[in-house]
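First the structure, in the form of structure tokens, and then the observations on it.
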Amino acid sequence: MSPDDGILAPVSQHDADVLARGSELERLPARILELGEELRREGVAVGTSEMLDAFEVLREIPWTSQEDFREALAATLAKSQEDRRIFELVFERFFFRAVEIAASREGIREDGQGSLGELSEEELEELRMQIAAAVRDGAEGAMRDLARMAIAAFARRQEGSGVIGVDVQRIRRTLGLRAEPQPDLPPADPRREGLPREALRRFEALLRRELERAQIERTGTLPPSRPLGELDRALPSGPLADLAAVHRVVAQLRRRLATQGLQARGHRRHAHVDVRRTMRASLQTGGVPVVLKFRPRRPKRPEIYVLCDVSTSVTSASVFFLSVLHALHDTFRKMRSFVFIERISEVTDIFEHERNFKAVSERISSDAGVADISGYTDYGRVWSEFLVQVEDDLHPRATVIVLGDARTNGRDPRADVFAQIAARAGRTFWLNPEPRLYWNYGDSVIAAYEQYCTAFECWTTAQLEDFVRALTRPVIAAAR
Amino acid sequence: MPASESPAPASVADVAAGLRGVGYLPGESTALVSFLATRLGKPVLVEGPAGVGKTELAKALASYLGRELVRLQCYEGLDEAKALYEWNYRKQLLRIQAEASDTGWEAVQEDIFGEEFLLARPLMSAIASEEPVVLLIDEIDKTDQEFEAMLLEVLSDFQISIPELGRVQSRTHPVVLLTSNNSRELTEALKRRCLYLWLDYPELEHELEIVRLHTPDLHEAIARRLVEVIGMVRELDLKKPPSIAESIDWARALLLLGVKDIDADTFTETMSVIVKHRADMDVVAERVGLKLRSPADVA
């Protein structure tokens, strides 16, 4: 591969041929600017100074190695782990697409991939074994070629659903590729011991890429760029299986909250002079207080009491919310969490002992024992029980948060008891996982509670984040 | 160029080889970003979990480039006086008091605002140094935004303005490394001025190399097993995952104890070298302990 071909870092000889035909070299600066634009669109803050840095570093490194090229660009354009993740995806998509655009422009098509003909069962089985062996060994080149064959073979036997993600999973299942060991397979089968997870993911990524290539060839256009920002996802309404996503949201929230605390500290300027320390320091300057020492103002951390509705409509959102709060527990001085349906039950210790998110949700749904006969929420009773349990603890520095849809199923809302709770606590918040449009519709009585607390909508992760941010703003204790 | 400094590196491979030569095994991107930093003169922001070798990188770079290492350890409440410069009040007051009373104010004033009354802190000494240096600003995420704002002037123009003395310009261009444990987001303005490097826990082979470098006497098989177990422990969701420094400590401990293999017993005994939280110890003992063979099984 000559140095000229390395500019757009091709990944195969086929791509290199494509590029050699074009005069891509002259368009490199424009290309890099396009990359910067694309990153901006995905929410990475790329300023002009960073673009200039990017050009500067490209002068210093050879372009023949894709690794070096990508690392150098990443060092100047992606300035945090989140940014780096987005950068990887955009870089992949950008330079991958470039090859495809050039290919379709030149009218080059992959030859003979469309029709593999009907394979017999043995040939299919053989293909399965080969793929499994390649995945087990992590052989990149073999995986790529076999991915193409797999798509050609399987995508024809069943109707492609058109949604690439679904097709990828379907092919993977048909191939029987799993990370767990499958002891019922014959010993010669490479899938018996379970395949390495990383290699499986690589294979899925290759399948995806090949499917996208095929689609581009077919349609002649590029698929619309998927927005990569994930924080706009709605809060999960089904059983939560995506641990990694939860952890990611929590990690981001935690980082943002940590910055928050420091920002708040900068705003207050009045501090009390600590006379003793000033006199102590003045010894250095002959008894003259040249330097003033101030008493440090530590922002007060709030105490939290959380009540979460876990009736069927709201469960996953509740568990999600509780996990987020518990992951941030060191931001709060003290936290006690409760779940309720018709009765109330304290679940603080479940979070202390269980780290696994799925185990937590199972324990809450089974052990909490808060459902009675009907399984419908009874808010009135919940308030009374709560008041009884925490009566001595509630004080003006405490914050009470309720997560629920305020649907009392026709029972007495007991807003008076709620008013008592709100009166004792310093702040009271209500998080409603329904959009504001549905409030007070049907059996929702949130209007009765709204007069005593501040109500928020909370059905996307962004809203949750806003709320947690508002929550952790240090409480300036009013002088009473 | 002073004789003690090695010539500027010409390529990424040079830097990688040089760092290896002084005992630091760089990852792929580390050598590249260090090379870019020396060529472009831009500071490098190194982020990553605790204990992956960020400070070590600065020391290794200083050693490789033949420069002195100037270190500024940041903490909460660090201010200009401790980082930049400070006037030696005591000495100035003594000077004034020792002066005879009929000496004019002009003469005294020129005296007490001279260089001898200036206490140079790390940043100042890095800027004003005659020899080229490597400046390490360690754990900058512990400071606050005001400190970062003050750093901006230093990092972009490499000069410090002292009202009484004037501007101090740097004669040599220091290589600046900022490390951060990622406990808070740094300001955009600071990140803009730096090249970014993320140091993460190393791959198995890489970590094996590092362990072998620090404990060459440890048997290869045990070292490999050690690194595998550490990898397993890191995958668990712990409060504090073990860092590279802890891997090396564990290797040294095992070498000292003269163990032949890492089985369940040895692991339980020496676990406290790598796991530093009570809650974590339970989790690790349960998950990893089961995967290791008990000594009875070892034929």
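Chain A is the first sequence line, chain B the second, and so forth, proteins listed ahead of strands; every chain is numbered from 1. Quick note: numbers below take in every heavy atom, side chains included, and nothing from hydrogens, waters or symmetry partners. Nothing here was measured: the structure is a model prediction, and the numbers come from that model.
Around atom NZ of B:K240, more than 12 heavy atoms belonging to other residues, nucleotides or ligands sit under 6.0 Å away. Heavy-atom contacts from other residues, nucleotides or ligands closer than 6.0 Å to CZ of A:R40 number more than 12. Around atom CD of B:E203, no more than 12 heavy atoms belonging to other residues, nucleotides or ligands sit under 6.0 Å away. Annotation for B:E28: atom CD does not count as buried by contact number, only 12 or fewer foreign heavy atoms lying within 6.0 Å.
Residues A:V57 and B:L40 share a closest heavy-atom pair of CG1-CD1, 3.3 Å.
No side-chain heavy atom of A:V288 sits under 4.5 Å from any side-chain heavy atom of B:Y89. Considering only heavy atoms from C-beta on, A:E71 stays 4.5 Å or farther from B:V33 through its side chain. For the pair A:I61 and B:L36, the minimum side-chain heavy-atom distance is below 4.5 Å.
For B:Q92, no part sits under 4.5 Å from any heavy atom of chain A, backbone or side chain. Both the backbone and the side chain of B:L195 come within less than 4.5 Å of a heavy atom of chain A. For B:K42, the part lying under 4.5 angstrom from a heavy atom of chain A is the side chain only. Both the backbone and the side chain of A:A45 come within less than 4.5 Å of a heavy atom of chain B.
Taking OG of B:S11 as the start and CD of A:E60 as the end, the distance is 11.5 Å to the nearest 0.5 Å. Interatomic distance, A:D83 CG to B:Y196 OH, rounded to the nearest 0.5 Å: 8.0 Å.
A donor-acceptor pair is defined here as one N or O able to donate and one able to accept, closer than 3.5 Å; such a pair exists between the side chain of A:K79 and the backbone of B:C194.
Residue A:E50 forms a side chain to side chain contact (heavy atoms under 4.5 Å, CB included) with just one option from B:K191, B:R193, B:R192, and that option is B:R192.
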